[in-house]
Amino acid sequence: MDAGAPDSGARRAGGSGDRGGRSGRDSCAGARAARPGRAAGAGAGLGALTGLLGVGGGFLVVPALVTVLAFEMRAATGTSLLVIAVNSLASLVTRGSTTTGLDWAVVAPFTGAAVLGAWDGKRLAARFTGAALRRTFAVALLVVAAAMAVDAVVQSAGRG
């Protein structure tokens with residue numbers, strides 16, 4: 001199939017009712033049309049930023065895929081999960097010696113609840129369009145950013 005050609009389910013009647021797509025193409029068309037160099041550049045930038053900030057970076061992968069590589073929200077979510085899983089496995093392998101101090105009484109229930117929450121979240125996400133998911137994700141990022149900003153101000157005021 002041509003990378004730019006929509007598949008049979010890519011467009012809704014009228015062309016504007018697709019489930020969150022930016023261009024009316026199917027979910028993978030944006031991925032096929034993206035240049036590998038651009039994807040590598042976005043990945044390197046995310047890697048550098050997450051290394052600098054000391055965060056996992058998962059919250060940055062979806063916006064990068066949507067804005068830089070023109071993925072639709074649903075395709076970006078799945079791609080992000082795969083990228084995070086591979087990156088986490090690589091990190092675990094390279095830092096395996098640091099796992100000796102893990103508190104399994106916390107890790108096990110936290111992980112189990114996170115898995116159950118992910119299943120519930122997937123079922124909930126199926127009820128929304130890609131555009132609604134993008135807005136929800138943006139609001140969540142803004143709330144987290146505001147909370148972090150308030151925390152940073154409070155901590156710096158406490159030291160001053």
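These values consider heavy atoms only, across backbone and side chains, with no hydrogens, waters or symmetry-generated copies.
Atom OG1 of T79 sits about 9.5 Å away from atom CG of L69, to the nearest 0.5 Å. Interatomic distance, CG of L124 versus CG of L133, reported as 8.5 Å (0.5 Å rounding).
Other members of the cluster containing V143 are V139, with ILVMFWY side chains joined at under 4.5 Å, either directly or via other members. Grouping Ile, Leu, Val, Met, Phe, Trp and Tyr by side-chain contacts under 4.5 Å, direct or through others, leaves L142 on its own. Members clustered with L82: V86, by chain and number, using a 4.5 Å side-chain heavy-atom cutoff among hydrophobic residues.
Each side chain to side chain donor-acceptor pair (under 3.5 Å) pair with one or both residues in residues 142-152, not counting sequence neighbours, appears once here: D151-Q155.
For V144, the side chain to side chain contact (heavy atoms under 4.5 Å, CB included) partners at least two apart in sequence or on another chain are M148. Residues satisfying the side chain to side chain contact (heavy atoms under 4.5 Å, CB included) criterion with V62, sequence neighbours excluded, are V66, M73, A76, S80, F137. Among residues two or more places apart in sequence or in another chain, the side chain to side chain contact (heavy atoms under 4.5 Å, CB included) test is passed with A132 by F128, T129, R135. Residues satisfying the side chain to side chain contact (heavy atoms under 4.5 Å, CB included) test with D120, not counting sequence neighbours, are R123.
In this structure a side-chain-to-backbone donor-acceptor pair under 3.5 Å is missing from T111 to A108. One N or O on the side chain of R38 and one on the backbone of V68 form a donor-acceptor pair closer than 3.5 Å.
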